[in-house]
Amino acid sequence: MESSLTKKKEKIGVFVCHCGRNIAATVDAKRVVEEILKHTAVVHAEDYDYVCSDPGQELIETAIKEKRLTGVVVAACSPSLHETTFRETVKRANLNIYKCEIANIREQDSWVHEDKEKATEKAIKLTKSAVEKVIRNEALSPVKVGLYKKALVIGGGIAGIRAALDIADAGFPVVLVEKKPTIGGRMAQLAETFPTLDCASCILTPLMSAVAHHPNIKLLTLSEIMDVEGYVGNFHVRIKKHPRYVEPDKCNLCNECVDICPVAVPSEFDEGLSLRKAIYIPFPQAVPSSYLIDIDACLGTSPLICGKCAEPEVCGPEAVNFDDQEEIIEEDVGVIIVATGYELYNPTNLGEYGADVYPDIITSLQFERLLSPSGPTEGIPKRPSDEKIPKKIAFIHCAGSRDERHQPYCSHICCTYSAKHALIFKELVPDAEIHSFYIDIRAVGKNYEDFIRRVQEETGIHYTRGKVSRIYEQNGKVKIFGVDTLLDKRIELEVDMAVLALAMVPSPAIQDLASKMRIQIDGNNFLQELHPKLHPVESATSGIFLAGAAQSPKDIQDTVAQASASASKALGILTQEKISHIPTVATVDEDHCSGCNLCISICPYGAIKLVDEIAHVEEVLCEGCGACVSTCPSGAIDLRNHTDEQVGVMLKALAGEI
Amino acid sequence: MEDEIEPRIIAFLCQWCGYQGADMAGTSRLKYPPSIVSIQVPCSGRIKMAHVLEALTKSEGVLIAGCHVPNDCHYVSGNFKCLKRVTLLKKLLEQMGVDPARVRLEWISATEGKKFARVVRGFTHELEELGPLNLDHTNPNDSNGLLGVNEK
């Protein structure tokens, strides 16, 4: 039988706590001491009223010094409560914190049992098993590594902007990467924001400007992440920057290039409701404040074909540069915040709603542009088909949300923004008749319920609980068919325009990005947080944080809160001189590793790689879960201070065989 | 072995959920039989089925408590890894002639003290019905030399 004798010279001290009567009423502490002293490795054991008190801790320190203890077991309350306390105690007596173990004889013994005899027997077993474990614990120190004190923020919407500003304001450099030609994201497209009806631009554009002028922020637009290597504190990122063909520093926004450009294509910013030129600025307040050329739409540089915008009499400052090249930018950063935002569910997937067929069945973002004073109709809501102001309008909630055939989840914001749309519309068209089809009204957020009530009172909106089955446009009228599930009645309604509150979906590029960064995606393709309550903004990869609608559908308030939370978590790392990492990680016995790769595929952190056909654990990446240990068919991997040997001998102790 | 003896249970409790749930049972002073002893593991995905078998040689039943599927695991998917292994182990136990009900996998969160106590009481009762298990590969009566004994 394996016993403590296998390790020589271990001298263990055991301290049994009475916890007043909490333990002593059910567990005979004196007997535990008596029994544990029979163990060959135990050279000291005593019981005390409150081991966690100052005099109690003093007992431990004194015993360590006088008896030259190599390990300590405290039989007391749960390690969740005082493990840290007792680790600090042994540290003061120059013992490694990992040479202290707790036997939980309160929460999992005295408090849950009544039979004193049996509870005492159990306490002896639990204490013995802790003794066996501590004998075999290695003295460990946290793994320390240096770090790059710089952050990468991916996505320049309100989430990325907020996170970048928070980190930059705290004095750390930030690289902000945005795929589109400007930052601002979805929020820049909005007319007004619920529930306060603040104009979106009035809140957002000052922040965009702050990003543009912040000395700590390096802004890369038209840029994408190519790959990410490394680990927390030490990420190496390659970024592809697409050519803009206009030099922002030279461009003075005179607009002459736009005037002369002969090409017109649908504007992305106006959701296709207006046209823009091949050389354009997405919207006047764009950051960087500069034109760019959509090279796919541009006729070309040859003077025979076009190239008019580059002529010196058009572009005086010679900002147009057709020789602009793609650039690969490399950055070393310590932390990454992913804030890639959302898109609307593609309405062509909802054929029965006809959004891609009929001009007056539009998406909620298109309606948002129609309501915006800077939109294609200068804030006067006009039907796309005949530019008439609609008098009767219907909002269709849950278009693609809460629908097993499309997206099963609630998109969180549609109820409230549809109410907002109704309110703004009613202000612009006071004699309007407004209908709204919903499954449930989910106005979840501070003051949102009040907002819905206000909208009901001020607009006279007709809420119909029910699902719309079919929408089409005929003879200039939009026809809606469905069921009123409260009255159990079929509905037929004729309106001038219908607005679909389409589901929020994460950016399609997120899958590729997530796999590049080894972060997880949930069942609906949103980014997966490490834990919904304990680690709501952390990804499973240490040092990578999540913010905004990329993580789940959310409104601007929650997005900003999450962005600041991510930034503060990121700052928690950036303000360290060295990063500490738990030392209780997996280790590989190189002689036994067959290089089979199984551990590599099972590790959720990408912490194991093959080096010369042998598994190698990158300690900084390993979180110590032990999944590889139980997977390795050769038994070549073990977990520090939770080894197979320790489990085996603890089982023996628990069974009373030691 | 006499039938009145409380069936011994060895529990593997994940440090984030199962162990915390057991602590919660304690904090709530919920009572359950003292014949259960436990080992804290970092994650249910750490548990080797060899250790479960080893524990079965020293008990009437093994309880594993991990974080709820699908999303509660602190190490992304250790609970699923454990679930797969236990499913396989149960098949193996059946082939060995051991009732697979002797290994019980439960998802118990840190707040589910009541569930922990209920599971231990229920499992104890179930193991009482099943009776003692003498799974010992060193047992000379175990002629086939494997862990198997036919319970029926």
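Basis for what follows: all heavy atoms, side chains included, without hydrogens, waters or symmetry-related copies. Convention: sequence-line order gives letters A, B, ...; per-chain numbering from 1.
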**Student:** Run B/Gln40 and A/Asn104 through side chain to side chain contact (heavy atoms under 4.5 Å, CB included) and show every step you take.
**Tutor:** CA-CA 10 Å; B/Gln40 190 189 53; A/Asn104 183 349; over 6 Å; no
**Student:** Heavy-atom count around B/His68 NE2 within 6.0 Å, excluding the residue itself: above 12?
**Tutor:**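 Yes.
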**Student:** Is A/Leu534 in contact with chain B via its backbone, its side chain, both, or neither, using a 4.5 Å heavy-atom distance?
**Tutor:**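 The side chain, not the backbone.
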**Student:** What heavy-atom pair brings A/Val112 and B/Gly26 nearest, and what distance separates the two atoms?
**Tutor:**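 Residues A/Val112 and B/Gly26, closest heavy atoms: CG1-CA, 3.6 Å.
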**Student:** Pick from A/Ala540, A/Gly523, A/Ala119, A/Pro79: which one has the most heavy-atom pairs with chain B under 4.5 Å?
**Tutor:**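 Ranked by contacts with chain B, first place is A/Pro79.
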**Student:** Taking B/Lys58 for the side chain and A/Leu651 for the main chain, is one N or O donor matched with an acceptor at less than 3.5 Å?
**Tutor:**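 No, the answer is negative, given that no donor and acceptor are paired below the 3.5 Å cut-off.
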**Student:** Heavy-atom distance under 4.5 Å to chain A: side chain of B/Phe116, backbone, both or neither?
**Tutor:**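 When you check distances to chain A, no heavy atom of B/Phe116 falls under 4.5 Å.
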**Student:** In terms of heavy-atom proximity below 4.5 Å to chain A, should B/Cys14 be classed as side chain, backbone, both, or neither?
**Tutor:**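 Contact with chain A is absent: no heavy atom of B/Cys14 under 4.5 Å.
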**Student:** Could you tell me which portion of B/Ser28 (side chain, backbone, both or neither) has an atom closer than 4.5 angstrom to a non-hydrogen atom of chain A?
**Tutor:**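 Contact with chain A involves no heavy atom of B/Ser28 at all.
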**Student:** For B/Val41, which atoms come within 4.5 Å of any heavy atom of chain A: side chain, backbone, both, or neither?
**Tutor:**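 Both parts, backbone and side chain.
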**Student:** Which of the residues A/Lys133, A/Lys118, A/Lys533, A/Lys125 is involved in the greatest number of heavy-atom pairs with chain B at under 4.5 angstrom?
**Tutor:**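 Top option by heavy-atom pairs under 4.5 Å: A/Lys118.
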**Student:** When heavy-atom pairs shorter than 4.5 Å are enumerated against chain A, which of B/Ile39, B/Asp72, B/Ile36 gives the highest number?
**Tutor:**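 The option with the most such pairs is B/Ile39.
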**Student:** Which atom names give the shortest non-hydrogen contact between B/Lys48 and A/Ser630, and what distance separates them?
**Tutor:**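 Heavy atoms of B/Lys48 and A/Ser630 come nearest at CG-CA, 3.7 Å.
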**Student:** What part of A/Leu126 gets closer than 4.5 Å to chain B, counting heavy atoms only: side chain, backbone, both or neither?
**Tutor:**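 Side chain of A/Leu126 only, per the 4.5 Å heavy-atom cut-off to chain B.
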**Student:** Any side-chain heavy atom of B/Pro42 sitting closer than 4.5 Å to one from A/Leu639?
**Tutor:**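 The answer is yes; the side chains approach within 4.5 Å.
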**Student:** Looking only at atom types and distance, does a side-chain atom of A/Ser78 sit under 3.5 Å from a main-chain N or O of B/Asp23, one as donor and one as acceptor?
**Tutor:**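 Not confirmed, A/Ser78 side chain does not pair with B/Asp23 backbone.
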**Student:** If you tally heavy-atom pairs under 4.5 Å against chain A, which of B/Trp16, B/Tyr19, B/Phe12 wins?
**Tutor:**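 Result: the option with the highest number of such pairs is B/Tyr19.
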**Student:** Let me know if A/His642 has heavy atoms under 4.5 Å from chain B in its side chain, its backbone, both or neither.
**Tutor:**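 Both the backbone and the side chain of A/His642 come within 4.5 Å of chain B.
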**Student:** How about A/Glu107 and B/Thr27: does a side-chain donor come under 3.5 Å of a side-chain acceptor?
**Tutor:**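 No, B/Thr27 and A/Glu107 have no side-chain donor paired with an acceptor closer than 3.5 Å.
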**Student:** With only heavy atoms counted, which part of A/Asn641 is less than 4.5 Å from chain B, the side chain, the backbone, both or neither?
**Tutor:**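 For A/Asn641, neither part sits under 4.5 Å from chain B.
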**Student:** Where on B/Gln15 is there a heavy atom nearer than 4.5 Å to chain A: the side chain, the backbone, both, or neither?
**Tutor:**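 Neither part.
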**Student:** Looking at side-chain heavy atoms only, is the closest gap between B/Val37 and A/Gln108 below 4.5 Å?
**Tutor:**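 No. Closest side-chain heavy atoms not under 4.5 Å.
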**Student:** For the residue pair B/Arg85 / A/Thr631, report whether a side-chain donor-acceptor contact shorter than 3.5 Å exists.
**Tutor:**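 Result is yes, a qualifying pair exists.
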**Student:** Using a cut-off of under 4.5 Å for heavy-atom pairs, which of B/Ser35, B/Ala55, B/Ser38, B/Ala25 has the most such pairs with chain A?
**Tutor:**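 The answer is B/Ser38.
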**Student:** Let me know if B/Pro70 has heavy atoms under 4.5 Å from chain A in its side chain, its backbone, both or neither.
**Tutor:**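 Neither part, no heavy atoms under 4.5 Å.
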**Student:** Angle between ring planes, B/His74 versus A/His531, binned at 30° and 60°: parallel, tilted or perpendicular?
**Tutor:**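 The rings of B/His74 and A/His531 sit tilted, inter-plane angle from 30° to 60°.
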**Student:** So which part of A/Gln528 gets closer than 4.5 Å to some heavy atom of chain B, the side chain, the backbone, both or neither?
**Tutor:**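 It is the side chain, since no backbone atom gets that close.
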**Student:** Looking only at non-hydrogen atoms, find the nearest pair between B/Pro34 and A/His113 and report the distance.
**Tutor:**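 Between these two residues, the closest heavy atoms are CA-CE1, 3.2 Å.
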**Student:** Which residues in residues 621-628 of chain A have any heavy atom lying under 4.5 Å from a heavy atom of chain B?
**Tutor:**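 Result: A/Glu623, A/Gly624, A/Cys625, A/Gly626, A/Ala627.
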**Student:** Looking at A/Glu529, A/Arg106, A/His535, A/Glu114, which one has more heavy-atom pairs under 4.5 Å with chain B than the rest?
**Tutor:**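 When all of A/Glu529, A/Arg106, A/His535, A/Glu114 are compared, A/Glu114 has the most.
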**Student:** Need one label for B/Lys31: side chain, backbone, both or neither, based on atoms under 4.5 Å from any heavy atom in chain A.
**Tutor:**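 When you check distances to chain A, atoms from both the backbone and side chain of B/Lys31 fall under 4.5 Å.
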**Student:** Please classify the contact of B/Ile10 with chain A as side chain, backbone, both or neither, using a heavy-atom distance under 4.5 Å.
**Tutor:**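 For B/Ile10, side-chain heavy atoms alone lie under 4.5 Å from chain A.
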**Student:** Among A/Asp109, A/Ile602, A/Thr584, single out the residue with the greatest number of heavy-atom pairs under 4.5 Å to chain B.
**Tutor:**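 Winner by heavy-atom pair count: A/Ile602.
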**Student:** Considering only heavy atoms and a distance below 4.5 Å, find which of A/Leu81, A/Asp644, A/Leu530, A/Asp522 pairs most often with chain B.
**Tutor:**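 Most heavy-atom pairs within the cutoff with chain B belong to A/Asp644.
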